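Read through the structure below, which is laid out as structure tokens, and then see the notes.
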Amino acid sequence: MSLAPVTRPPETPPETRPMSRREWLLSDRPQSRTQARLGRAYMTWRRFSANRLAVLGLCILLALIFVAIFADALAPYNPVIGNLAGARLLPPGSEGYLLGTDDQGRDILSRLIHGSRLTLLVVLLVAIIAAPVGLIVGAVAGYAGGWIDAVLMRITDIFLAFPKLVLALAFVAALGPGIENAVIAIAITSWPPYARIARAETLTVRHSDYIAAVRLMGASPLRIIFRHVMPMCMSSLIVRVTLDMAGIILTAAGLGFLGLGAQPPLPEWGAMIASGRRFILDQWWVATMPGIAILIVSLGFNLLGDGLRDALDPRESGQ
Amino acid sequence: MSGRRRARSRKAFVAALQFLVVVATTYLGLLAVTFFIGRVIPIDPVLAVLGDRAPNHVVERTREAMGLNLPLYQQFFIYCRQAFTGDFGTSVLTTNPVMADIRRVFPATMELATLGTLIGAFIGVPLGVLAAVKRGSIVDQIVRVIGLVGYSVPIFWLALLALLVFYARLQWVAYPGRIDIVYEYSFTPATGFYLLDSAWQGQWDVFRDVFRHIILPASLLGYFSLAYISRMTRSFMLNELQQEYIVAARAKGLSEARIIWSHALRNAAVPLVTVIALSYAGLLEGSVLTETVFAWPGLGLYITNSLQNADMNAVLGGTIIIGSVFIGINLLSDLLYRTLDPRTRAR
């Protein structure tokens with residue numbers, strides 16, 4: 001029993017019905033589970049797409065995914081091997097180099113395009129690691145209650161009180177630099193808010209009738225938590241994860257800037273800024289372009305997250 | 001009557017005890033995590049110190065000297081005892097005790113973060129109030145954009161651009177660093193807060209130079225705290241302006257300015273204090289990246305320099321100090337909120 005994806009556009013209903021497609025979707029008395037789900041998704045999509053900034057955020061994210069998938073075809077040059085002899089530190093708009101080149105004669109545009117893969121990879125991996133951990137901790141704590149709840153939430157609060165960037169720095173210092181270790185370090189510091197949210201949502205459904213009904217039917221606590229409680233936490237969790245994406249990108253870029261994230265010659269955006277730092281006074285574009293890319297992508301995630309929150313949780317919208 | 005008072009004092013006692021437990025477990029957690037990072041993650045801390053070419057008997061002796069032959073819980077106990085006495089070992093890079101290094105660099109970070117928070121609060125709060133009062137207006141839109149960009153922009157990148165524009169092109173500010181080399185040896189700070197020290201000693205030329213150095217990094221940090229503070233102020237104010245006491249004040253014929261700045265803002269001030277405290281804690285942490293760009297000789301630069309030289313004692317010592325201050329401010333703002341808001345006191 002999982003929720004339908006929120007942004008799925010409405011699908012064509014069976015042709016036999018006399019109702020219009022819109023009426024079918026908005027019907028008060030859905031005839032089937034599919035119809036109810038699609039109707040809900042349609043309403044969410046309507047609320048979401050009314051917000052132009054949110055749609056802009058979605059477009060930025062889709063563009064990022066597109067660029068990351070087709071990086072090989074889109075990038076005009078090799079991102080790692082440059083033209084040392086003839087194309088060092090060319091300004092933007094030079095012949096064939098739209099955004100200029102860096103100190104090793106590498107096309108900045110091509111590096112940005114390939115760097116989108118690293119950004120997407122970091123964001124996805126952190127979300128895949130941190131969100132389920134937070135979800136399980138929060139749902140178990142909220143459903144079990146008692147001392148389990150107290151202990152789990154104490155641990156969560158302890159982690160919540162830590163400074164994230166500094167702790168991530170210390171972790172990477174111990175684990176050694178590299179993009180995998182950066183992902184681990186960020187994931188370790190970013191799960192607690194998810195646990196908090198999952199627990200709060202669990203507490204609201206814990207005593208509801210449908211949980212009591214499932215329990216009467218003899219479902220085990222594990223089954224109740226995984227099949228009947230966790231799905232209810234999903235929408236708040238998705239909103240929070242989306243809003244956190246920008247922060248994750250910024251932290252990863254910060255680690256890269258300090259030389260602790262992706263290692264050269266990988267075209268990670270933060271590391272690109274660091275390598276352009278030496279030339280900032282004369283060849284400003286080397287450090288400026290990757291920063292613009294980071295700004296656009298994290299802005300996209302922020303806009304998307306705001307829009308999702310308004311669409312999924314009308315209670316909190318408007319502020 | 002006295003029974004009720006006794007019940008209340010017992011309740012206060014329990015609350016204080018709970019608070020102490022929270023403080024203790026949080027700090028213990030911080031120590032546990034840094035202990036884990038320093039002692040457990042590295043495959044062999046002895047090799048990390050000696051390198052892999054040391055003869056066996058030296059390795060054994062060092063292991064015993066470092067206390068690594070003891071069971072892990074005993075090691076942790078010793079670690080906690082040392083941390084409480086401020087003993088974080090010796091920095092490999094500077095050969096000083098880590099604590100002495102931190103004591104030297106910490107005022108620089110605090111001066112920067114304090115000035116940043118002041119800038120953020122003094123601009124952010126009025127902006128947030130205006131945005132809430134004139135909802136949907138151009139001010140509101142500007143505050144929204146400031147907030148969005150503030151949440152999305154990499155701080156080290158913005159710092160580099162600011163250096164490029166305000167130092168290299170416009171020459172409005174001084175180059176990276178804290179004080180000009182001319183004054184570095186003639187000026188003896190008493191507290192480590194250069195702005196206060198130079199003003200106190202009446203050395204106004206030094207003050208001007210220090211100001212020219214600090215204003216750019218402080219404004220940048222101030223921008224980030226402004227983004228956060230103005231957004232929160234707006235939402236608190238919107239909440240207050242919907243309350244019935246605002247209607248009552250209007251009905252009484254009070255001026256709009258008085259209603260907004262005196263009545264509504266005073267009620268919004270309670271959560272605002274927490275927000276400003278949190279943003280201060282955030283700036284202490286955010287200074288790590290800013291200090292690196294501005295060569296600001298504070299705790300952040302100390303940590304990143306140590307990182308680049310694999311100086312784990314210094315990194316972990318710095319982490320514990322920043323973590324402690326961060327946790328301290330977090331808990332303090334929590335406590336402040338509870339004492340300032342009469343509603344939470346009554347319960």
Side-chain angles (χ1 to χ4, degrees), chain A residues 53 154-155 157-167 169-177 185 188-189 243 246-247 249-260 269-270 273-274 276-277 280-282 284 287-288 290-292 294-303 305-306 318-319, chain B residues 21-22 25-30 32-34 36-38 40-42 144 147-149 151-158 160-161 163-164 167-169 234-235 238-239 281-282 284-286 288-289 292-293 300 303-304 306-308 310-312 315-316 318-320 322-323 325-327 330-331:
Chain A
L53 283 177
R154 201 66 278 258
I155 295 174
D157 282 353
I158 289 173
F159 268 88
L160 208 56
F162 288 160
K164 283 174 75 171
L165 178 69
V166 175
L167 204 63
L169 278 179
F171 265 110
V172 179
L175 293 166
I188 288 175
T189 54
L243 281 170
I249 290 175
L250 293 184
T251 310
L255 289 177
F257 179 73
L258 294 175
L260 299 169
W269 294 346
I273 296 178
R277 189 180 160 187
I280 185 79
L281 296 187
D282 298 311
W284 51 269
T288 307
I292 295 175
I294 297 174
L295 175 61
I296 291 175
V297 171
S298 52
L299 200 62
F301 274 113
N302 271 330
L303 292 174
D306 278 345
Q319 289 205 357
Chain B
V21 169
V22 168
T25 48
T26 313
Y27 276 102
L28 218 63
L30 177 68
V33 170
T34 49
F36 180 78
I37 292 173
V40 185
I41 293 182
R144 202 187 141 98
L148 266 173
V149 173
Y151 282 118
S152 311
V153 74
I155 186 168
F156 50 94
W157 176 75
L158 203 62
L160 278 174
L161 287 196
L163 263 185
L164 173 67
Y167 162 59
R169 296 281 147 86
R234 177 180 179 273
S235 107
L238 280 179
N239 194 19
L284 279 180
E285 184 197 27
V288 173
L289 289 164
T292 315
V293 174
I303 291 181
T304 47
S306 314
L307 267 176
Q308 256 128 33
D311 188 355
M312 272 320 269
V315 172
L316 290 180
T319 308
I320 291 176
I322 287 196
V325 176
F326 195 86
I327 293 170
N330 257 324
L331 294 171

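Chain naming here is simple, since letters A, B, ... match the order of the sequence lines and numbering starts at 1 in each. Given the structure is predicted, the values throughout are model-derived calculations rather than measurements.
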Quiz item: Hey, does A/Ile273 have a side-chain heavy atom less than 4.5 Å from the side chain of B/Phe156?
Solution: yes
Quiz item: Nearest heavy-atom pair of A/Ser298 and B/Ser152: which atoms, and what distance?
Solution: OG-O, 2.5 Å
Self-check item: Proximity breakdown for A/Phe159 and chain B, heavy-atom pairs closer than 4.5 Å
Solution: side chain
Practice problem: Identify, with sequence neighbours excluded, every residue that meets salt bridge (charged side-chain N to carboxylate O under 4.0 Å, His left out) alongside A/Asp157. | Solution: A/Arg196
Quiz item: Between A/Ile292, A/Thr288, A/Leu281, A/Ile294, which residue shows the highest count of heavy-atom pairs closer than 4.5 Å to chain B?
Solution: A/Thr288
Exercise. Looking only at non-hydrogen atoms, find the nearest pair between A/Arg154 and B/Thr26 and report the distance.
Key: NH2-OG1, 3.8 Å
Quiz item: Which one of B/Thr304, B/Val315, B/Leu148 has the most heavy-atom pairs closer than 4.5 Å to chain A?
Solution: B/Leu148
Quiz item: Do side-chain atoms of A/Arg277 reach the backbone of B/Trp157 as a donor and acceptor pair under 3.5 angstrom?
Solution: no
Exercise. With a 4.5 Å cut-off on heavy-atom pairs, point out which of B/Ile303, B/Val288, B/Val33 contacts chain A the most.
Key: B/Val33
Quiz item: When rounded to the nearest 0.5 angstrom, what distance separates CG in B/Asn330 from CZ in A/Phe162?
Solution: 11.0 Å
Quiz item: With B/Arg144, which residues qualify under side chain to side chain donor-acceptor pair (under 3.5 Å), at least two apart?
Solution: none
Self-check item: Heavy-atom pair with the smallest gap, counting every atom of A/Ala170 and B/Met312
Solution: O-CE, 4.3 Å
Quiz item: Taking all non-hydrogen atoms of both residues, which atom of B/Leu164 and which atom of A/Trp284 are closest, and how far apart?
Solution: CD2-CB, 3.6 Å
Quiz item: For the candidates A/Ile249, A/Thr251, A/Leu169, which exhibits the highest count of non-hydrogen atom pairs separated by less than 4.5 Å from chain B?
Solution: A/Leu169
Quiz item: Looking at B/Gly29, B/Pro154, B/Ala168, which has the largest count of heavy-atom pairs under 4.5 Å with chain A?
Solution: B/Pro154
Quiz prompt | Side chain, backbone, both or neither of A/Leu53 within contact of chain B (heavy atoms, under 4.5 Å) | solution = side chain
Practice problem: Please report the shortest heavy-atom distance between A/Leu250 and B/Tyr151, naming the atom on each side. | Solution: CD1-O, 3.5 Å
Quiz item: Which one, A/Leu303, A/Ile296, A/Ile158, leads in non-hydrogen pairs under 4.5 Å with chain B?
Solution: A/Ile158
Quiz item: Do the side chains of B/Phe326 and A/Leu167 get nearer than 4.5 Å, heavy atoms only?
Solution: no
Quiz prompt | Student check: side-chain heavy atoms of A/Ile280 and B/Leu163 closer than 4.5 Å | solution = no
Quiz item: So which part of A/Ile188 gets closer than 4.5 Å to some heavy atom of chain B, the side chain, the backbone, both or neither?
Solution: neither
